[in-house]
K.L.:
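Dropping the structure in here first, questions after.
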Number of protein chains: 2
Amino acid sequence: MAYNIPVEATLDVIGGKWKVVIMCHLIKGEKRTSELKRLMPGITQKMLTQQLRELESDGVVNRTVFEQVPPKVVYSLTEYGWSLRPILDAMCAWGEGHIDLTSEKAVQ
Amino acid sequence: MAYNIPVEATLDVIGGKWKVVIMCHLIKGEKRTSELKRLMPGITQKMLTQQLRELESDGVVNRTVFEQVPPKVVYSLTEYGWSLRPILDAMCAWGEGHIDLTSEKAVQ
DNA sequence: AACCATAGGCACTTTTTAGTACCTACCATC
DNA sequence: GATGGTAGGTACTAAAAAGTGCCTATGGTT
């Protein structure tokens with residue numbers, strides 16, 4: 001996969017509708033599948049699983065399965081995933097600072 | 001538009017396949033349409049125009065038209081667009097630092 | 001026996017996103 | 001008079017992303 005500009009490599013990993021949101025939740029600590037679902041009311045089970053699988057195969061998140069009934073699976077950021085933290089922090093900070101302006105714009 | 005988490009506001013503005021790439025080029029200075037096309041060999045005329053229109057209506061880029069023949073249109077980041085710079089810088093830096101690892105992974 | 005919760009698989013459909021092809025207008029040059 | 005270069009527009013199609021509904025397994029509760 002050749003990139004015309006390095007930032008495309010970043011987009012390959014964090015691109016998509018839900019990955020950044022998932023990672024922003026995982027920054028605050030490991031989460032079970034059901035917790036993530038509660039934190040993201042708009043996501044479907046399928047998309048959550050799919051995005052987590054992709055993040056896992058990209059080495060960004062760890063998936064830990066506890067062999068018990070009912071099943072328990074916990075997701076957390078890997079060290080590689082933590083290297084994305086500056087990006088996630090910048091995105092979260094910008095969102096917090098500009099969410100009001102965005103709403104105003106929507107009203108105009 | 002209600003967000004479950006502020007970072008979704010950020011994704012609304014910079015989400016999409018090309019917007020971050022376009023903005024990364026505009027960071028280095030204003031560009032004409034044809035320059036952007038040359039810098040992004042993979043983008044089609046239609047997508048370039050479409051993404052620029054969206055960035056413009058989000059207040060992130062300026063579109064300056066010079067009334068001459070042949071037409072000349074120049075795009076640049078607005079002040080609001082510059083506020084996204086920490087995100088763009090972090091994404092570019094991560095891409096530069098991890099592009100090799102990504103290629104290795106693709107080879108495995 | 002029926003039902004719950006968990007974590008997900010799978011087939012199918014819909015929606016969104018992106019690509020192709022062809023169109024405009026202007027003036028200059030060949 | 002045809003062609004080139006610029007900056008698009010538009011209709012149609014293809015591909016990717018996302019959503020829906022129904023399925024599994026297990027053991028405990030009602």
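Values below: every heavy atom of this structure, side chains too, minus hydrogens, waters and symmetry copies. Labels below follow one simple rule: chain letters A, B, ... track the order of the sequence lines, proteins then strands, and each chain is numbered from 1.
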K.L.:
Are OP1 or OP2 of dG5(D) and a side-chain N or O of Arg32(B) less than 4.0 angstrom apart?
P.N.:
no
K.L.:
Taking all heavy atoms of Asp58(B) and all of Val13(B), pick out the closest pair and write down the distance.
P.N.:
OD2-CA, 4.2 Å
K.L.:
Which of these nucleotides, dA18(D), dG19(C), dG19(D), is closest to any side-chain atom of Thr44(A)?
P.N.:
dG19(D)
K.L.:
Taking a hydrophobic cluster as the set of Ile, Leu, Val, Met, Phe, Trp and Tyr residues connected by side-chain heavy atoms closer than 4.5 Å, whether directly or through intermediates, do Met47(A) and Val20(A) fall within one such cluster?
P.N.:
yes
K.L.:
Quick one: CG on Leu88(A) to CD1 on Ile87(B), what's the gap to the nearest 0.5 Å?
P.N.:
10.5 Å
K.L.:
Check Ile22(B) against Leu48(B) and note the closest heavy-atom contact, atom names and distance.
P.N.:
CD1-CD1, 4.1 Å
K.L.:
Are the side chain of Thr10(A) and the backbone of Trp94(B) linked by a donor-acceptor contact shorter than 3.5 Å?
P.N.:
no
K.L.:
More than 12 heavy atoms of other residues, nucleotides or ligands under 6.0 Å from CD of Glu79(B): is that the case?
P.N.:
no
K.L.:
Name the closest nucleotide to the Val73(B) side chain, picking from dA7(D), dG19(D), dA7(C).
P.N.:
dA7(D)
K.L.:
Looking only at heavy atoms, what is the nearest atom pair of Pro6(B) and Cys92(A), with distance?
P.N.:
CB-O, 4.5 Å
K.L.:
Taking only side-chain N and O atoms of Lys46(B), does any of them lie within less than 4.0 angstrom of OP1 or OP2 on dC22(C)?
P.N.:
no
K.L.:
Respond yes when some side-chain nitrogen or oxygen of Tyr75(A) is under 4.0 Å from OP1 or OP2 of dA7(C), and no when none is.
P.N.:
no
K.L.:
To the nearest 10 degrees, what angle separates the axes at the start and end of the helix from dA1(C)-dT30(D) to dC30(C)-dG1(D), five pairs each?
P.N.:
40°
K.L.:
Under 4.0 Å between a side-chain N/O of Ser34(A) and OP1 or OP2 of dA7(C), yes or no?
P.N.:
yes
K.L.:
So Gln50(A), base contact, sugar-phosphate only, or nothing? Heavy-atom distance under 4.0 Å.
P.N.:
nothing
K.L.:
Name the residue from Arg63(B), Lys31(B), Glu35(B) that meets the side-chain contact (heavy atoms from CB on, under 4.5 Å) definition with Tyr75(B).
P.N.:
Arg63(B)
K.L.:
Looking at Thr33(A), I'd like to know whether one of its side-chain N or O atoms comes within less than 4.0 Å of OP1 or OP2 on dG8(C).
P.N.:
yes
K.L.:
For nucleotides 22-30 of chain D, read 5' to 3', which letter fits each nucleotide if B means a protein heavy atom sits under 4.0 Å from the base, S means only the sugar-phosphate is that close, and - means neither?
P.N.:
----BS---
K.L.:
Any side-chain donor paired with an acceptor under 3.5 Å for Thr49(A) and Gln45(A)?
P.N.:
yes
K.L.:
Less than 4.0 angstrom between a side-chain N/O of Arg53(A) and OP1 or OP2 of dG8(C), yes or no?
P.N.:
yes
